[in-house]
Peer 1: 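The structure follows.
This is a predicted model, so every value here is computed, not measured. Just so it is clear, the values below take in all heavy atoms, side chains as well, and ignore hydrogens, waters and symmetry mates.
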Amino acid sequence: MKMISSKKAWLRVWLILLFILGCTVWEPVKAEQTDRAGDFAVTQTPLPEMPVFPSETSAPAEVTVPTETPLPPTPAPTASPAPLVLKNKNAAYRAGKQKGIGYGKIKKGKIYRISSYGSDPVRLLPSKKSTFRIIGGIRKKDITSKKIKVSRAGVVSCADRARDKKQYAIVQVTAKETGESIFVYIYFAPRLYTKTPAKQVVYQGKTTRLSYNYSAKKIKFKSSNKKVARVDKKGIVTARQKGTAVIEAKVRGSQKNLVKVKIIVKEEPWLVNDRDTVYSYEDMTEDMQQIARKYRGRAALKCLGTSEDGRNIWCLRIGSPSAGRKLLLDGGIHAREWLNSLMLMRKSEEILRQYSDYKNTLAHTCLYVVPMINPDGVTISQSGFGSIRNKKLRKICKKTKKSARTWKGNARGVNLNLNFPGGWNTKNKSKKPDGMTYPGEKAASEKETKAMMRFVNSISGLKEALNYHSTGSILYWNYNVEGTPALYNRQKALAEKVNEFTGYRLMPKSISTDPNGGFGDWLIYNKKIPNVTVETGSVMCPLPHSQLGKITRENSSLLSWFAGSR
């Protein structure tokens, strides 16, 4: 029994030794398998439970299992740090010489290039925290005087405000951590400025062109008040109504490269003063000369001849003389009817002031305005017989013993509207100078008559005429031309149009429209030119100045239509 027990004890010892040996061999194999699988963590697999033989004499021996130590992780490969770059979207990266740089050129390698304006700062955007330093430019003095400077935040600005001055800079950008550097070349184009005044007065209805150091194609224009003044893409400002507007001009693609011009729109002062209660020949002459100078190219002044007392008979031409359609406006053939001369002159200036409204029609229409056919008679009516310079003529006038104020004739006492060879006659008329009904010694005996006939004969293609007289607010038109249907129809159409605009009554056919030596008679019978005699006013002549407003309102639209705004 003892032998058997002894054998059992030895067997138990051997089994324990085998168990310990098995564990020692097993662990390296397991670790090797784990390494091959790429798993740095050690996985512990439990061993199968071994049978234990109990000892008869002693307690079982304790078995100690070694503790596993985990292996350290294998470090990942180290990546190269990203280089310093500039992230500005408008920066080009290329090599080459830098234009405009007087010192500090980067002669080798690539350099970032940015274009800007003297008014627009450039903020540099490096990929790393960096410091900034200007190392190049036109002149070193420009940098030291801070005409070009850079902030700690990388904002490069140009403080040079010299006109048409271009500035350049090279900025060195250095990363704070790595010390690596890149270089940026910046070109600052000149600031925008206006070559015309920054504050301008423009008259209503007029235009002005704004001029800059940049071409209009590179500028975007904007008006702060389009009702007052508008501006087109060429920088042409049109004044529309009284007030103030600011025109902003900004270089396309820039941030702050802009300038502003203040436009003050005022009503243009008139040359023809409609408040002049006595519109004399001298007033009219001065106005016509100023109008011709001011509107050169659109209007011209011509002397048709001289009166009996040596005054010029003026004609204002509006439009091109080569136009195919020519029209005539005349007045002041009777001395005391001079208020119409003022009305015609005022309207003529208005047409020229508002030329853009007539531009299309005046391209093929020419308007001739003779506001005072009888300058001697007007002078007599306004200033008396003593205003006639020729002593002989003055004596003739005084001898009539007529009122100078209500005078109708010229300085020889002839009624010029009875002196034309269009049915000239002496029936029921004065036989001697009287300044009222005397038709003259013969047809076309007077200088004024001859001047008007010569003028009309010189115009090729005269289509129509309006002859202004006073008084009555009526229209004479129905000449004896029914035998020529085409001429009659044109005459009737013109008369009806005048009636439509003015509301003046169309007079029926009567002896007053039979051939009687009038200017209208000669135009229709001798020259086949349709015309209407427009009698303005509603009181006896000479019409008082208070009638001017009413006459102007009644005839303004008519004259606009007649001049070509139709």
Peer 1: Is any NZ, NE, NH1 or NH2 atom of the basic residue among Arg346 and Glu349 found under 4.0 Å from an Asp or Glu carboxylate oxygen of the other?
Peer 2: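 Salt bridge: no.
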Peer 1: Keeping the roles fixed (side chain from Thr194, backbone from Ser211), state whether a donor-acceptor pair exists under 3.5 Å.
Peer 2: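 Yes: the side chain of Thr194 pairs with the backbone of Ser211.
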Peer 1: Among all residues two or more places apart in sequence or in another chain, which pass the side chain to side chain donor-acceptor pair (under 3.5 Å) test with Asn312?
Peer 2: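 For Asn312 there are no side chain to side chain donor-acceptor pair (under 3.5 Å) partners, ignoring immediate neighbours.
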Peer 1: Which atoms form the tightest heavy-atom contact between Leu86 and Pro126, and what is the distance?
Peer 2: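 In this case the closest contact between Leu86 and Pro126 is CD1-N, 3.9 Å.
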Peer 1: According to salt bridge (charged side-chain N to carboxylate O under 4.0 Å, His left out), does anything in residues 311-321 pair up with another residue at least two apart or in another chain? List the pairs.
Peer 2: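 Applying salt bridge (charged side-chain N to carboxylate O under 4.0 Å, His left out) to every pair that reaches into residues 311-321, excluding sequence neighbours, yields Asp309-Arg311, Arg311-Asp376.
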Peer 1: Mind jotting down which residue pairs meet the ring-ring contact (aromatic ring centres under 6.0 Å, His included) criterion with at least one end in residues 86-107? Sequence neighbours excluded, please.
Peer 2: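 Applying ring-ring contact (aromatic ring centres under 6.0 Å, His included) to every pair that reaches into residues 86-107, excluding sequence neighbours, yields Tyr93-Tyr112.
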Peer 1: With sequence neighbours left out, what residues match Tyr168 under ring-ring contact (aromatic ring centres under 6.0 Å, His included)?
Peer 2: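 Result, ring-ring contact (aromatic ring centres under 6.0 Å, His included) vs Tyr168: Tyr187.
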Peer 1: With Tyr368, which residues qualify under ring-ring contact (aromatic ring centres under 6.0 Å, His included), at least two apart?
Peer 2: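 So Tyr368 forms a ring-ring contact (aromatic ring centres under 6.0 Å, His included) with Phe455.
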Peer 1: With sequence neighbours excluded, give me every ring-ring contact (aromatic ring centres under 6.0 Å, His included) pair touching residues 240-272.
Peer 2: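 Found none.
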Peer 1: Using a 3.5 Å distance criterion without hydrogens, assess whether the side chain of Gln98 forms a donor-acceptor pair with backbone atoms of Ile106.
Peer 2: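 Between the backbone of Ile106 and the side chain of Gln98 there is a qualifying donor-acceptor contact (under 3.5 Å).
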Peer 1: Quick one: list whatever passes side chain to side chain contact (heavy atoms under 4.5 Å, CB included) with Leu125, sequence neighbours left out.
Peer 2: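 Partners of Leu125 under the side chain to side chain contact (heavy atoms under 4.5 Å, CB included) test: Lys87, Asn88, Arg123.
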Peer 1: Is there any salt bridge (charged side-chain N to carboxylate O under 4.0 Å, His left out) pair reaching into residues 128-138, and which pairs are they, with sequence neighbours excluded?
Peer 2: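 For residues 128-138: Lys128-Glu180.
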Peer 1: Is there a donor-acceptor contact under 3.5 Å from the side chain of Asp330 to the main chain of Val370?
Peer 2: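 Answer holds: no.
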Peer 1: Between His545 (side chain) and Asp274 (backbone), is there a donor-acceptor pair under 3.5 Å?
Peer 2: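 Yes.
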Peer 1: The criterion is side chain to side chain contact (heavy atoms under 4.5 Å, CB included); which residues satisfy it with Arg161, sequence neighbours excluded?
Peer 2: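 Arg161: side chain to side chain contact (heavy atoms under 4.5 Å, CB included) contacts with Arg191.
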Peer 1: Check side chain to side chain contact (heavy atoms under 4.5 Å, CB included) between Val259 and all other residues, then give those that pass, not counting sequence neighbours.
Peer 2: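 Testing Val259 for side chain to side chain contact (heavy atoms under 4.5 Å, CB included), a comparison that skips the adjacent residues, returns Leu192, Tyr212, Ala249.
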Peer 1: Counting only heavy atoms not in Lys266, do more than 12 fall under 6.0 Å of its NZ?
Peer 2: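 No.
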Peer 1: Which residue pairs pass the ring-ring contact (aromatic ring centres under 6.0 Å, His included) test when at least one of the two sits in residues 273-293, sequence neighbours left out?
Peer 2: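 For residues 273-293, and leaving out neighbouring residues, there are no ring-ring contact (aromatic ring centres under 6.0 Å, His included) pairs at all.
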Peer 1: Sequence neighbours excluded, which residues qualify as side chain to side chain contact (heavy atoms under 4.5 Å, CB included) partners of Ser348?
Peer 2: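 Ser348: side chain to side chain contact (heavy atoms under 4.5 Å, CB included) contacts with Leu316, Ile318, Val369.
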Peer 1: Would you mind checking if Arg353 and Glu350 are paired as a salt bridge, meaning a charged N to carboxylate O distance below 4.0 Å?
Peer 2: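 No, Glu350 and Arg353 are not salt-bridged.
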